[in-house]
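Input: a single structure, listed below in structure tokens.
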Amino acid sequence: MKPGQQLHVVNQLYPYTVQFKEDPTGSHGGSKRPRESASEDRENQREAQKTKAAKQTEKVSVPVSHGDATNTSEGVGHWSQGLKTSMQDPKMQVYKDDKVVVIKDKYPKARYHWLVLPWQSIPSLKALREEHCDLVKHMQQVADQMVEQCPDASSLRFRTGYHAIPSMSHVHLHVISQDFDSPCLKNKKHWNSFTTDYFIESHDLFQMLEANGRVTVKEGASELLKLPLRCHVCRKDIPTIPALKEHLKSHFPR
DNA sequence: GTTCTAGAAC
DNA sequence: GTTCTAGAAC
């Protein structure tokens, strides 16, 4: 059993992430370039599942929800913890090294939309300290690498940054192309979370962390999500989401 | 974070 | 009447 491996008790219904107090460096094989998937990790995971499955006896428990902490409140299994599960899934991993992993956003809001996540568990921006500076900088470098290897990097603009108040737990850096051409972009909150100051540029966050040892989010950031819809290219106000999507076609033809 | 849908807006 | 938004989800 290695740090970061997953243990599925009862038919994948209750994923557990094994963590150690001291994460020995180099526990994850590093590679500088994005790759398809890690076959060795998949093997290891299968082994872990097999071992656990063998220990199970005949009495198969029923997947019925009771009022316990398993699927209520904000514990494991809650939707807000979904990134922790996704980042461990080799099928979702687009790149990984000893410090971070990159996955595709499950509901991409543009033609290209990745998330860079540290292996180290950092619940939110509030938990960031000066000692995370190197990690944050590395996340930014990996984000830049993702853009470099994108086939449309020359024709599309990209931004990399953090949501001021993310819905999902575990610090994650968005790498998103600026076409916003996606059926998953559906409402004002989606739009404003990437096109207003709700979106904190990676570089700005790093500078804040370096200067203050903390990241502070302006109060009232959540109000930014309610701003009128405005085109991020020509600054034109657009009345509705469908009209905005139609408008974007003029800036980003297929 | 998403889905669903009541009722506001047109 | 249809389109679209915005709030609940136990």
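Chain naming here is simple, since letters A, B, ... match the order of the sequence lines and numbering starts at 1 in each. Note that the structure is a prediction, hence the values are computed from the model and not measured.
The backbone N or O of Lys104(A) sits nowhere less than 3.5 Å from a side-chain atom of Tyr112(A) that would complete a donor-acceptor pair. Put simply, the side chain of Gln93(A) gets close to the backbone of Met87(A): a donor and an acceptor are under 3.5 Å apart.
Considering only the side chain of Lys186(A), dT3(B) comes nearest among dT5(C), dG1(B), dT3(B). Comparing dT5(C), dA6(C), dT3(B) by their nearest atom to the side chain of Thr240(A) picks out dT5(C). Nearest to the side chain of His190(A), among dT5(C), dG1(B), dT2(B), sits dT2(B).
When heavy atoms are screened at a 4.0 angstrom cut-off, Lys189(A) is found touching the sugar-phosphate backbone but no base atom. Using a 4.0 Å heavy-atom cutoff across all strands shown, Lys109(A) reaches sugar-phosphate atoms only and no base atom. Ile241(A) comes within contact range of the sugar-phosphate backbone alone, with a heavy-atom separation under 4.0 Å but no base atom that close. Residue Pro242(A) is in sugar-phosphate contact alone, with no base atom involved, counting any heavy-atom pair closer than 4.0 Å across all strands shown.
Atom CH2 in Trp191(A) sits roughly 13 Å away from atom P in dT5(C) (whole-Å rounding). Look at NZ on Lys245(A): it is 11 Å from P on dT5(C), rounded to the nearest Å. Here the P atom of nucleotide dG1(B) and the NE2 atom of His113(A) are 9 Å apart, to the nearest Å. His78(A) has its NE2 atom 10 Å from the C1' atom of dA9(C), to the nearest Å. The distance between atom CG of Asn187(A) and atom C1' of dT2(B), rounded to the nearest whole Å, is 10 Å. The interatomic distance linking Glu74(A) (CD) with dA9(C) (C1') rounds to 13 Å, in whole Å. Rounding to whole angstrom units, CG of residue Leu227(A) and C1' of dT5(C) are separated by 16 Å. dT2(B) atom C1' lies 9 Å from atom CH2 of Trp79(A), rounded to whole Å.
With a cut-off of 3.5 Å on both Watson-Crick or G-U wobble distances, the partner of dC4(B) is given as dG7(C).
We find that Arg157(A) and Asp179(A) are not joined by a salt bridge, their nearest charged nitrogen and carboxylate oxygen being 4.0 Å or further apart. Under a 4.0 Å N-O distance rule, the pair Asp97(A)/Lys99(A) does not qualify as a salt bridge.
Between His163(A) and Phe199(A), the two ring planes are perpendicular [angle over 60°; tilted spans 30° to 60°].
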